[in-house]
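Quantities reported herein were computed from a predicted structural model and do not represent experimental measurements. For the numbers below, each heavy atom of this structure counts, side chains included, while hydrogens, waters and symmetry mates do not.
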Number of protein chains: 2
Amino acid sequence: MADGPGTQGHSGESLLYLTDEQLRQGIEAMFFAYRAFTADPDRILQGMHYGRAHHRAIHFINCAPGTTVNNLLSILGVTKQSLNRVLRALIEDGLVESRVGRADKRERHLFLTEEGAELERRLSDAQRARMRAAYRQVGPEAVAGFRKVLEAMMDPEMHRHYSGLREIRG
Amino acid sequence: MADGPGTQGHSGESLLYLTDEQLRQGIEAMFFAYRAFTADPDRILQGMHYGRAHHRAIHFINCAPGTTVNNLLSILGVTKQSLNRVLRALIEDGLVESRVGRADKRERHLFLTEEGAELERRLSDAQRARMRAAYRQVGPEAVAGFRKVLEAMMDPEMHRHYSGLREIRG
DNA sequence: ACTTTAAGTCAGCCTTGTTGACATTCCAAT
DNA sequence: ATTGGAATGTCAACAAGGCTGACTTAAAGT
């Protein structure tokens, strides 16, 4: 290991909670929790010919209605070919509407149809229910800490996207 | 939505922080943070012909040396065919050793070789570095909250595996 | 002896990511 | 007005890593 246990503190503060073992537990907690986090939507989507990629597209189109394909691309961090495959399916099935831009006609602005919004609700209801249960169980201070750590883990560019969505919704 | 904003409190407590908007922010934070969380190991593994699945196998074999294939299977939550493909590659490349069980000769006990342990260190150093930086930034109380929320989100069976690893390591 | 269990293997399929090449459309600058 | 670049779309091919189903082998258990 780069640091032996207990040797991480170049600063003078109390950093006893930063042992490799503590960090390892955090890593494992992320692994198991993320599985749980995606399990409910995955269950809903399996059978309809959609997957996690469709869920993500639907989520972020719902968040920022009228977003362009390019913007969605940079939020999701995938290639346009990957996104296009997913988007094409959603448009063909009438869950997403793609409108040619008024100012810039090269751009396509994406919106959920009523049917798309309905699926979005089903998916996010399930995901929020799990989140809500966890939040209730641990209380507001733990939730604040949870959010702080997640935000601190993001790369600056992701953090920009993350905060950007916040601003849109007010 | 199942609940309109502010209508989630069936209990009498102060649950103002449980608006759909707060929950949505938590969901997005999980999405972006998990991407960041896996980014460093992914970068290390790309080019060598391994991926995230190999990383997971290596991680948990390192955690619980001598674990059986069946045990690893239930921790990872994949099929034996999926795991086998990954394990076969790691064994062929000399990163993992598979020993026939002494008590029960049907079982194979898995260990990292020196080379395997070396890659494990490279991967977990990178992942721990990110985690450590985030932990330092937010302080011990936020970290405690982070862990509490993640644990509360897990399904009981995952939580069992998660705690189980804790017990092995003491 | 018979059944069950642990592990491994083969074949095939799906989703979702990747590259590379190429067409189209349109804006903007020369 | 033409040209260059940007945004989008599309085609093809490929790989990782999930999945199912079928089947073998060896060892345990009963």
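The distance between atom NE2 of A/His109 and atom P of D/dA7, rounded to the nearest whole Å, is 12 Å. Rounded to whole Å, atom P of D/dA16 lies 14 Å from atom CG of B/Asp42. Residue A/Arg43 contributes atom CZ, which lies 18 Å from atom P of D/dG18 at whole-angstrom precision. Between B/Leu83 atom CG and C/dA7 atom C1' the separation is 11 Å, expressed in whole Å. One interatomic measurement links the two molecules: NE2 of A/His54 to C1' of C/dC14, which rounds to 11 Å at whole-angstrom precision. Taking atom CZ on B/Arg85 and atom P on C/dA11, their separation rounds to 14 Å, with Å as the unit. Atom CG of B/Asp104 is separated from atom C1' of C/dT5 by 8 Å (rounded to the nearest Å). Distance, A/Tyr50 OH to C/dT15 P: 11 Å, rounded to whole Å.
Between A/Ser82 and C/dT16, a side-chain N or O to OP1/OP2 separation shorter than 4.0 Å is absent. Side-chain N/O atoms of A/Arg108 include one lying less than 4.0 angstrom from OP1 or OP2 on D/dG9.
Of the candidates D/dG9, D/dA28, D/dT20, D/dA28 carries the atom nearest the B/Arg106 side chain, counting heavy atoms from C-beta on. When distances run from any side-chain atom of B/Val78 to the nucleotides D/dC19, D/dG17, C/dG17, the shortest one goes to D/dC19. Checking D/dC23, D/dA28, C/dT18 against every side-chain atom of B/Lys80, the shortest atom distance belongs to D/dC23. Nearest to the side chain of A/Asn70, among C/dA7, D/dG18, D/dT8, sits D/dT8. In the set C/dT16, C/dT19, C/dG8, the nucleotide with an atom closest to the side chain of A/Gln81 is C/dT19. Considering only side-chain atoms of A/Ala53, the nucleotide from C/dC27, C/dC10, C/dT16 that sits closest is C/dT16. In the set D/dT8, D/dG17, C/dG8, C/dG8 carries the atom at the smallest distance from any side-chain atom of B/Asn84. Considering only side-chain atoms of B/Lys105, the nucleotide from D/dC11, D/dA27, C/dT18 that sits closest is D/dA27. With distances taken from any side-chain atom of B/Thr79 to the nucleotides D/dC19, C/dT5, C/dC27, the minimum falls on D/dC19.
Backbone-only engagement by B/Arg52 is indicated by non-hydrogen atom pairs under 4.0 Å involving sugar-phosphate atoms exclusively. At a threshold of 4.0 angstrom between heavy atoms, the contacts of B/Ala89 with the nucleic acid are absent.
Classification of the B/His159-B/Tyr162 ring pair by plane angle, with boundaries at 30° and 60°, yields perpendicular. Taking the six-membered ring for Trp and thresholds of 30 and 60 degrees, B/Tyr34 and B/Phe37 have ring planes inclined between 30 and 60 degrees apart. Ring geometry, B/Phe32 versus A/Phe60: the interplanar angle falls from 30° to 60°, so the pair is classed tilted. Ring geometry for A/His55 versus A/His59: interplanar angle over 60°, hence perpendicular rather than tilted (30 to 60°).
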- Could you give me the CA-CA distance, side-chain angles and deciding distance for A/Leu18 and B/Arg136, then say whether side chain to side chain contact (heavy atoms under 4.5 Å, CB included) is met? CA-CA 8 Å; A/Leu18 282 177; B/Arg136 279 219 178 102; 3.5 Å; yes
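The nearest heavy atom of DNA chain C to B/Thr68 and to A/Arg56 marks one nucleotide each, and the one closer to the 5' end goes with B/Thr68.
Here the shortest heavy-atom pairing between B/Gly116 and B/Ile58 reads O-CG2, 4.4 Å.
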